[in-house]
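Right, one structure below, let's go through it.
When a ligand or atom number is given, it counts from 1 through the structure's own listing order.
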Amino acid sequence: MPRFAELRARLEELERWLLPAACLLCDAAIAPREDDALVCALCRSRWRRVPGPLCERCGQPAFGDLACRICADWTPGLRRVRSAVWLDESARLAVHRLKYEGWTRVAESLAQAMRGLEPLTGRVSLIPVPLGVRRARERGYNQSERIAAALARHTGAPVRTDLLCRTRETRTQTTLTPEARRANLSGAFTAGEVRGLELVLVDDVFTTGATLASAAEALAAAGAASVDGVTFARALEPVA
Ligand SMILES: [Zn+2]
Ligand SMILES: [Zn+2]
């Protein structure tokens, strides 16, 4: 065996040994070669897919001809959004492990669940929703970037972290009214040279789409050919 291959095999073995042998969500033992996942196959299979038929635009389950109240006042710059699973207890825990506990390889499992989402086809570039400078410094990494990198390994689409910048921190959105939320986010992003590009924003959780819409507005204004969004999870009770 060539030297580097041997070294690589040793390092992989060491890494596997350092990783927890139990699922980060349910504590069950994980088989050594189960995709080197940090979340077991059973937990992943229990995540609930967002069921169709969907609102063509925002990806929320649609009810007959009723007008969608999620995307009615989105900026035209955001074409469509799709999410893989509902943000139930298990999905929420997975996001938490990735976002706040430093288990960045959980992104692999999230990306696996996101494979096949409609916006991820064609010649698209992936843009992780950026964090503000302060939050990025506190956390040390951007969870959306980790998800985008894992998606890129599956789809071959390039990840571009140089095209969108968060110019100011925004307050936590959950307690704000829709009007206050829009004001809170307007002008929060600036875009680089994106003329003619087909872009897909990548984020961990979809709540109201306000953040994606704000980012898409900046990208569309800078000349992007199209802007879609994908997220791993979708909040169960969106605050409309
Ligand atoms: Zn599990
Ligand atoms: Zn909709």
Does a side-chain heavy-atom distance below 4.5 Å link P130 with T161?
no
Can you find a pair of side-chain heavy atoms, one from L120 and one from L126, that are under 4.5 Å apart?
yes
What angle, to the nearest 10°, do the atoms SG (C58) and SG (C71) form about the Zn ion (ligand 2)?
120°
Ignoring hydrogens and angles, state whether a donor on the side chain of Q60 or R69 is under 3.5 Å from an acceptor on the partner side chain.
no
For a quick check under 3.5 Å, do S144 and D203 share a side-chain donor-acceptor pair by atom type?
yes
Looking from the Zn ion (ligand 1), what is the angle between SG on C40 and SG on C43, to the nearest 10°?
110°
Within rounding of 10°, what is the angle whose vertex is the Zn ion (ligand 1) and whose arms end at SG of C23 and SG of C26?
110°
